[in-house]
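The structure under discussion appears below in the form of structure tokens.
Throughout, a chain's letter reflects where its sequence line sits, starting with A, and its residues are numbered from 1. Atom set for the values below is all heavy atoms of this structure, side chains included, hydrogens, waters and symmetry mates excluded.
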Amino acid sequence: NAGVTQTPKFQVLKTGQSMTLQCAQDMNHNSMYWYRQDPGMGLRLIYYSASEGTTDKGEVPNGYNVSRLNKREFSLRLESAAPSQTSVYFCASTRQGVGEAFFGQGTRLTVV
Amino acid sequence: AQSVAQPEDQVNVAEGNPLTVKCTYSVSGNPYLFWYVQYPNRGLQFLLKYITGDNLVKGSYGFEAEFNKSQTSFHLKKPSALVSDSALYFCAVRDMYSGAGSYQLTFGKGTKLSVIP
């Protein structure tokens, strides 16, 4: 059971480049999330998708876009990367309601 | 808006001693509360949750947490710490009755636990 799978695991971008982070879950969860983790800041929600076909902004959405491609997949796109977007990005999924979140292993992104 | 506070950036405890990692929360409705652990260069792993019922919740690896509604706290505890418990611990909250926002899981900034041999 793979759980939540993120690709890539590591990425270095130049300022202004674009890229898409991929996330897929095999637990038939309805809700999916993208977080970024920065030292001393904890995890901050970028975007989430409560169910297939819906997406909503979280705490720090600026500079990002998302696509809920189907129930399994939720991608995060950086259209024009900036050094401030250097971070570790985590995808997570939950059942609707009371379920705990399951996390991927993270993508370490460096923007130079 | 919902929020979580973890007042200690770091907690040091001797191996074999009891440990406590503190968490307080703020929600407009009733809370769902969670604890997660993160080992270096890994994702977050679920430890335990409080939804309703008994205020003392038992979870993985011998951890437990006590929900205190009057103090809006959900402190993580373990009777006897192990060196292998050294990691980063996150408390998280979800508001049961905030509509679309109830899907949002808000995390604290994390507490680094160091268990000293």
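- For the set A:Ser49, A:Ala92, A:Gly104, A:Gly40, the count of heavy-atom pairs under 4.5 angstrom toward chain B peaks at A:Gly40.
- Transitive grouping of hydrophobic side chains (ILVMFWY, heavy atoms separated by less than 4.5 Å) keeps B:Leu76 and B:Phe90 in distinct clusters.
- Between B:Leu88 and A:Gln37, the closest side-chain pair of non-hydrogen atoms falls below 4.5 Å.
- Criterion: ILVMFWY side-chain heavy atoms under 4.5 Å apart, direct or through other members. Under it, B:Tyr89 and B:Phe107 are not part of a common hydrophobic cluster.
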Practice problem: Apply side chain to side chain contact (heavy atoms under 4.5 Å, CB included) to A:Leu43 and B:Thr106, showing your working. | Solution: CA-CA 8 Å; A:Leu43 276 79; B:Thr106 299; over 6 Å; no

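- Counting non-hydrogen atoms of neighbouring residues, nucleotides and ligands closer than 6.0 angstrom, the NZ atom of B:Lys78 exceeds 12 such neighbours.
- By the neighbour-count criterion of 12 heavy atoms within 6.0 Å, atom CZ of B:Arg42 is sparsely surrounded, having that number or fewer from other residues, nucleotides or ligands.
- No path of Ile, Leu, Val, Met, Phe, Trp and Tyr side chains, each step under 4.5 Å between heavy atoms, connects B:Leu44 with B:Phe63, placing them in separate hydrophobic clusters.
- From B:Phe34, atom CZ reaches atom OG1 of A:Thr94 across 8.5 Å, with rounding to the nearest 0.5 Å.
- Hydrophobic cluster membership is shared by B:Val21 and B:Tyr39, with clusters built from Ile, Leu, Val, Met, Phe, Trp and Tyr side chains linked at under 4.5 angstrom.
- The closest side-chain heavy-atom distance from A:Tyr35 to B:Leu105 is below 4.5 Å.
- Residue contact with chain B, scored on non-hydrogen atoms closer than 4.5 Å, involves the side chain of A:Arg108 exclusively.
- There is no contact between A:Glu59 and chain B, counting heavy-atom distances below 4.5 Å.
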Practice problem: Verify side chain to side chain contact (heavy atoms under 4.5 Å, CB included) between B:Phe46 and A:Phe103, making sure each step is shown before the conclusion. | Solution: CA-CA 9 Å; B:Phe46 169 74; A:Phe103 283 81; over 6 Å; no

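- With a 4.5 angstrom heavy-atom cutoff, B:Gln38 touches chain A only via side-chain atoms.
- The environment of NZ in A:Lys71 is crowded: more than 12 heavy-atom neighbours from other residues, nucleotides or ligands sit within 6.0 Å.
- Side-chain contact between A:Glu100 and B:Tyr36 is present, with at least one heavy-atom pair separated by less than 4.5 Å.
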